[in-house]
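Submitted below is the structure of interest, expressed as C-alpha cells.
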Amino acid sequence: MSFFRRLFGQKQPAEREEDRFANMVIEVLYARGTDIRVEYHPNAFELLHVDDRSGGQRMFLHNSFREYQRLPSDERERHIVRVVDFIMDSRAPRPRGEAALNRLLPVLRGRADMIAVTAEAGRFPYQHSSRPFCDTMLLMLAVDNETTITLVTDQVLDELNVSFDDALGLAVAHLNELGNHNFGQVQDGTFISSCGDFYDASRVLIPELIEQLPLKGNPVAIVFSRSVVLISGSEDQQGLEKIAQIALDEFPDDERAISLTPIELRDGRWQPLAITEQHPIALRNLVPNQIAWTYAATAPALQKILGDNVFVASAQLIEVEGRFATIASWAANVPTACPLVEAVVIQADESFSQVTRRLEEVLSVCGPFDDVEIMAYPKRWLLPGRMSVEQRTVLTEQYPNHVFFGKPG
C-alpha cells in the first residue's frame, strides 16, 4: 500500500485539510486508469467533471469530508476508495424505461439543504421532482443503483411517461418489497429504526409499519437522518423527551441529517406535531433548533444571490436555563433579509441605541414588509435599511425590551 502511504503521509502546512482530502480523491480516481477527469473548486468544495462525457456533472464533497473526519485513521483509506467508487458508479449508464421504473424508491431529504446546495451551484430554483413533506422535508424519487442513487427530475418522469404521483406509488411499493422494516426498542414505547439500507427515513411513507408499534397515543416520529428515524407515542411524555434529547444531542454531528421537526401520524397522514407548553422541554427545543438550522443552511446561497446590498440575517439560538429561542439582527443602514424568529435585535444608529423587540411587534409597527421572493423557503421578510423616527419612537417607548423566559433579551 505504498500508494496510500504516500497519500496519507506528511501534510503540507499550507494545505487545508479539505483541499488535501479532495486531492487524495482525485489521485485515487486517476490511479484507476479511468478517463474521468475532474476539476477541484475549493470555494464550493466540489469536483466538477470536465471530460467530454461529463455533461457538467459535479460532486459536492462536504458530506464525504465530514464522514472522513469522523473516521479513525485506519478506516480513512477505505473511505477514499468508497468515494471514488461512488464517482465512478455515478458515471455508469443509467437504467432507462422499464428498468428505471423497476428501480424507483422514495427518499426524504432536508428541504433547506437541497435548496441550498442547488442554489450554491447556480441551479436555482431546485429542479428535481419533489413535494414538500411536513414543511421541513422534501419527498423525492430516486433510481436505486448498485452503489449510488440518482434523484429523478421532471425530465426523467416525462421520458418515463409517468406522473409524480404514479411514480411515487411504484416507489413505495418497491420499498415495501425490500423488507428489513426493523425498529429496535430504546425503552418501553420508544423506537429507533435499524433497516440497514439507508432508506430508514422513507419507511414513514408506509404508515402501517409505524402504526403496528406498541405506542401510547398516535405515532410521533423524528426523521432524523437517512438511516435513523426516532419514534414514540403522542401520549408518552417520557418517550417524547427521550427521542427529542437523542435528536438534539446527535443532530449537529450527522452528515446525513434531514429534520428535527417532530411529526405526528393522524388519520393515516403525517403532519407537524402541535407542540405546547405541556410537552417536555427537549421536545419544545426541537423547534428553535430546526429554525436556526434551516436558515443557516440557506443563508450563504441567498447572500450570494442578493449580493452585498442586502444583509441576510441568521436565526441565532439563545439558551436560557435549558430552553432555546431564536433571534435575528436588523442591520442599520442596509436592507435586511430577516428570518421568522421570536425576536429582532434592532441595531443602533446615530440617533437610537440598540433595542430588542418581538418580531410580531416589529411587523405591527414597521410593516407590512415584502417577502424575499427569490428564495421562497424558508420565508424571510425584507426589512428596509432604515425605519422612520416615528416607528423607532413607538417601538422604543410603547413596547418593553423583549425578555426570553423571564430573562432580558
Side-chain angles (χ1 to χ4, degrees), residues 62-71 75 79 82 105-114 133-140 142 144 148-149 151 171-172 175-176 178-215 218-234 236 238-265 270 272-273 275 280 282-283 285-287 289-290 292-294 297:
H62 301 82
N63 288 339
S64 296
F65 176 65
R66 285 198 293 266
E67 188 173 351
Y68 169 86
Q69 286 183 305
R70 295 174 62 184
L71 290 172
E75 294 183 22
H79 179 67
R82 286 197 298 267
L105 285 173
V107 294
L108 290 173
R109 295 290 183 264
R111 190 176 178 187
D113 265 2
M114 297 304 297
F133 184 79
C134 295
D135 189 53
T136 60
M137 293 173 273
L138 284 180
L139 172 57
M140 309 178 74
D144 187 58
T148 64
I149 68 168
L151 295 176
V172 172
L175 177 66
N176 208 1
L178 281 182
N180 300 323
H181 309 315
N182 301 317
F183 296 89
Q185 192 160 247
V186 178
Q187 62 184 35
D188 288 348
T190 303
F191 296 84
I192 185 170
S193 64
S194 55
C195 303
D197 55 15
F198 295 101
Y199 287 97
D200 297 53
S202 303
R203 260 61 177 205
V204 300
L205 302 174
I206 311 176
E208 55 268 26
L209 297 178
I210 315 299
E211 290 173 328
Q212 68 186 7
L213 297 174
L215 304 170
N218 293 329
V220 174
I222 300 173
V223 186
F224 177 77
S225 73
R226 302 180 194 183
S227 56
V228 175
V229 177
L230 301 160
I231 300 170
S232 192
S234 60
D236 186 345
Q238 288 186 339
L240 293 174
E241 183 175 26
K242 181 66 174 180
I243 63 174
Q245 197 59 58
I246 292 173
L248 289 170
D249 290 344
E250 301 296 331
F251 196 80
D253 297 323
D254 196 294
E255 62 273 358
R256 298 290 188 270
I258 293 179
S259 175
L260 281 172
T261 299
I263 58 177
E264 182 180 7
L265 185 61
W270 289 105
L273 176 68
I275 298 177
L283 194 78
N285 280 342
L286 292 175
V287 176
N289 275 271
Q290 174 71 53
W293 176 57
T294 296

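Numbering of residues begins at 1 and proceeds along the displayed sequence.
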Nearest atoms (heavy-atom pairs only) where Arg226 meets Ile258: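 Heavy atoms only, the tightest pair is N-CD1, 3.6 Å.
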
Side-chain heavy atoms of Thr261 within contact of Cys134, under 4.5 Å: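 Heavy-atom side-chain distance check fails, nothing below 4.5 Å.
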
Heavy-atom check, side chain of Val107 versus side chain of Phe198, under 4.5 Å: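 The answer is no; the side chains never approach within 4.5 Å.
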
Pairwise side-chain contact, Ile246 with Ile192, heavy-atom cut-off 4.5 Å (strictly under):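 Of all side-chain heavy-atom pairs linking Ile192 with Ile246, none is under 4.5 Å.
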
CA sep, side-chain torsions, deciding dist, call: Phe65, His62, side-chain contact (heavy atoms from CB on, under 4.5 Å): CA-CA 5 Å; Phe65 176 65; His62 301 82; over 6 Å; no

Any donor-acceptor pair under 3.5 Å from Ser232 side chain to Leu215 backbone: no

Minimal non-hydrogen separation, Arg203 against Asn180, with atom names: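 Arg203 and Asn180 have their closest heavy atoms at NH2-O, 3.7 Å.
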
Chi angles and distances behind the side-chain contact (heavy atoms from CB on, under 4.5 Å) call for Tyr199, Leu175: CA-CA 8 Å; Tyr199 287 97; Leu175 177 66; 4.0 Å; yes

Between CD on residue Gln238 and CG on residue Asp188, distance to nearest 0.5 Å: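 Answer for the CD-CG pair, Gln238 versus Asp188, is 9.5 Å.
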
Gap separating the CH2 atom of Trp270 from the CG atom of Asn218, nearest 0.5 angstrom: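 Answer rounded to 0.5 Å: 9.0 Å.
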
Atom pair CD1/CG of Ile243 and Leu248 - distance to nearest 0.5 Å: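 Reported to 0.5 Å precision, the distance equals 10.5 Å.
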
Minimum-distance pair of heavy atoms, taken over all atoms of Ala247 and Leu286: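 Closest heavy-atom pair between Ala247 and Leu286: CB-CD2, 4.1 Å.
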
Nearest-0.5 Å distance, CG of residue Leu265 to OG of residue Ser234: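 With rounding to 0.5 Å, CG (Leu265) is 10.0 Å from OG (Ser234).
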
Distance, nearest 0.5 Å, that separates CZ of Arg109 from CE of Met140: 7.5 Å

Derivation of the side-chain contact (heavy atoms from CB on, under 4.5 Å) call for Ile263 and Val223: CA-CA 8 Å; Ile263 58 177; Val223 186; 4.0 Å; yes

Flag, side chain of His79 to backbone of Ser64, donor-acceptor distance under 3.5 Å: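 Present.
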
Atom of Val229, atom of Ala221 and distance for their closest heavy-atom approach: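 Here Val229 and Ala221 meet closest at CG1-CB, 4.1 Å.
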
Asp200 to Cys195 - nearest heavy-atom pair and separation: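 The answer is OD2-N, 3.1 Å.
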
Full working for side-chain contact (heavy atoms from CB on, under 4.5 Å) between Arg111 and Thr294: CA-CA 8 Å; Arg111 190 176 178 187; Thr294 296; over 6 Å; no

For the student: nearest non-hydrogen atoms of Pro219 and Ile210, plus distance: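 It is CB-CG2, 3.6 Å.
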
Pairwise distance CD(Glu250) to CD1(Ile222) - rounded to 0.5 angstrom: 12.0 Å

